[in-house]
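Index from 1, following the sequence.
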Amino acid sequence: MYAKSYILLFFVNIVCAGLIVFSKGMEVKADSSTLTTSVELERFESLERVIRYDTVEPKYCIKATGEDVENLMRIVQAEAGGEDRTGKLLVANVVINRVKSTKFPDNITDVVFQRKQNVTQFSPVSNGTIYQVQISEDTREAVYSALYGEDVSQGALFFMARKYAKPENAQWFDSNLVYLFSYGGHDFFKR
C-alpha cells in the first residue's frame, strides 16, 4: 500500500517538474517587446490610480479663490498681526462665518470690502493698512487652518477692539449684538 503511494507521489513530482520546465521554456520563447510594453502599461496604470489631482487638492470649508485667500490673509494680518495664533484664527473665523451667513456677501473678498451705509466693516480697509501689511507665516498658517475648518469662534460674526473703538461704536456693539467672549485685543459678538 505504501509502495503505491510512493509511486503516485513520484509521478506527481515528475508531472510538476515537467510543467515547470515547460513554462520556463514558454517564457524564454516569448517576444521580449511584448513583455516590455505590458510592463510599462501596467506601471503607468498603477501610477494613475495612486496619484490623482482631487486627492491632493485642498478642501476648504467654503469656496475661496486665490484672491479671496490673499484678502483673508491681509485682513487677518491687519486686524490681528500682533496676536497669537488663536487671535488670528478668530478673525479669520469671523470672516468665514460671515461668508456662510445669508446676512452677508457670499465670498471672502466681498465680505472684507463690504460697505454698509458707506462705512467699511473693517477699519484696515477704511484706513488702507490692509494694503501695507506683510503677511507672516503665523498668519498664513492660521488662515489655512480656518479655511480647512478649524473654528474656535462660537459662531461670532462681529469683533471690535474696544480700546481703539469710538465710544458710540462700542455702544452700538453692546446694544445691538450678543457678547460672546474676549480674546487678545478683541471682543467677539453675534446677532
Taking all non-hydrogen atoms of both residues, which atom of [X] and which atom of [Y] are closest, and how far apart?
{"X": "G155", "Y": "K190", "answer": "O-CB, 3.9 Å"}
{"X": "D110", "Y": "P105", "answer": "CB-CB, 3.4 Å"}
{"X": "A161", "Y": "H186", "answer": "N-CD2, 3.7 Å"}
{"X": "A92", "Y": "L72", "answer": "CA-CD1, 4.1 Å"}
{"X": "R162", "Y": "A170", "answer": "NH1-CB, 3.9 Å"}
{"X": "A80", "Y": "V91", "answer": "CB-CG2, 3.8 Å"}

Hydrophobic clustering (ILVMFWY, side-chain heavy atoms < 4.5 Å, transitive) - are [Y] and [X] grouped together?
{"X": "V152", "Y": "F159", "result": "yes"}
{"X": "Y179", "Y": "Y164", "result": "no"}
{"X": "F104", "Y": "V178", "result": "no"}
{"X": "F122", "Y": "Y131", "result": "yes"}

Distance-only, no hydrogens or angles: does the [X] side chain make a donor-acceptor pair with backbone N or O of [Y] under 3.5 Å?
{"X": "N93", "Y": "E150", "answer": "yes"}
{"X": "D68", "Y": "T65", "answer": "yes"}
{"X": "Q77", "Y": "S136", "answer": "yes"}
{"X": "N71", "Y": "T109", "answer": "no"}

Close side-chain approach of V95 to Q121, heavy-atom, < 4.5 Å: no
T120 side chain reached by Q114 side chain, heavy atoms, under 4.5 Å: no
S145/R85 under side-chain hydrogen bond (donor to acceptor under 3.5 Å, both in side chains): CA gap, chis, key distance, verdict: CA-CA 10 Å; S145 292; R85 179 186 184 279; 3.0 Å; yes
F188 and F158 aromatic centres sub-6.0 Å: no
Q134, CD atom: more than 12 neighbouring heavy atoms under 6.0 Å: no
Rounded to the nearest 0.5 Å, what separation is found between the [atom1] atom of [X] and the [atom2] atom of [Y]?
{"X": "D138", "Y": "K88", "atom1": "CG", "atom2": "NZ", "answer": "4.5 Å"}
{"X": "I62", "Y": "N107", "atom1": "CD1", "atom2": "CG", "answer": "8.5 Å"}
{"X": "R98", "Y": "L157", "atom1": "CZ", "atom2": "CG", "answer": "7.0 Å"}
{"X": "S123", "Y": "I75", "atom1": "OG", "atom2": "CD1", "answer": "7.0 Å"}
{"X": "L147", "Y": "I108", "atom1": "CG", "atom2": "CD1", "answer": "5.0 Å"}
{"X": "F189", "Y": "L180", "atom1": "CZ", "atom2": "CG", "answer": "8.5 Å"}

Working for side-chain hydrogen bond (donor to acceptor under 3.5 Å, both in side chains), residues D151 and S153: CA-CA 6 Å; D151 187 354; S153 70; 2.6 Å; yes
Intermediate values then yes/no, side chain to side chain contact (heavy atoms under 4.5 Å, CB included), I135 and E70: CA-CA 9 Å; I135 300 166; E70 178 71 19; 3.7 Å; yes
Exercise: do N127 and T129 side chains pair donor with acceptor under 3.5 Å: yes
Stepwise side chain to side chain contact (heavy atoms under 4.5 Å, CB included) test for M73 and Y144: CA-CA 9 Å; M73 287 185 188; Y144 281 121; 3.3 Å; yes
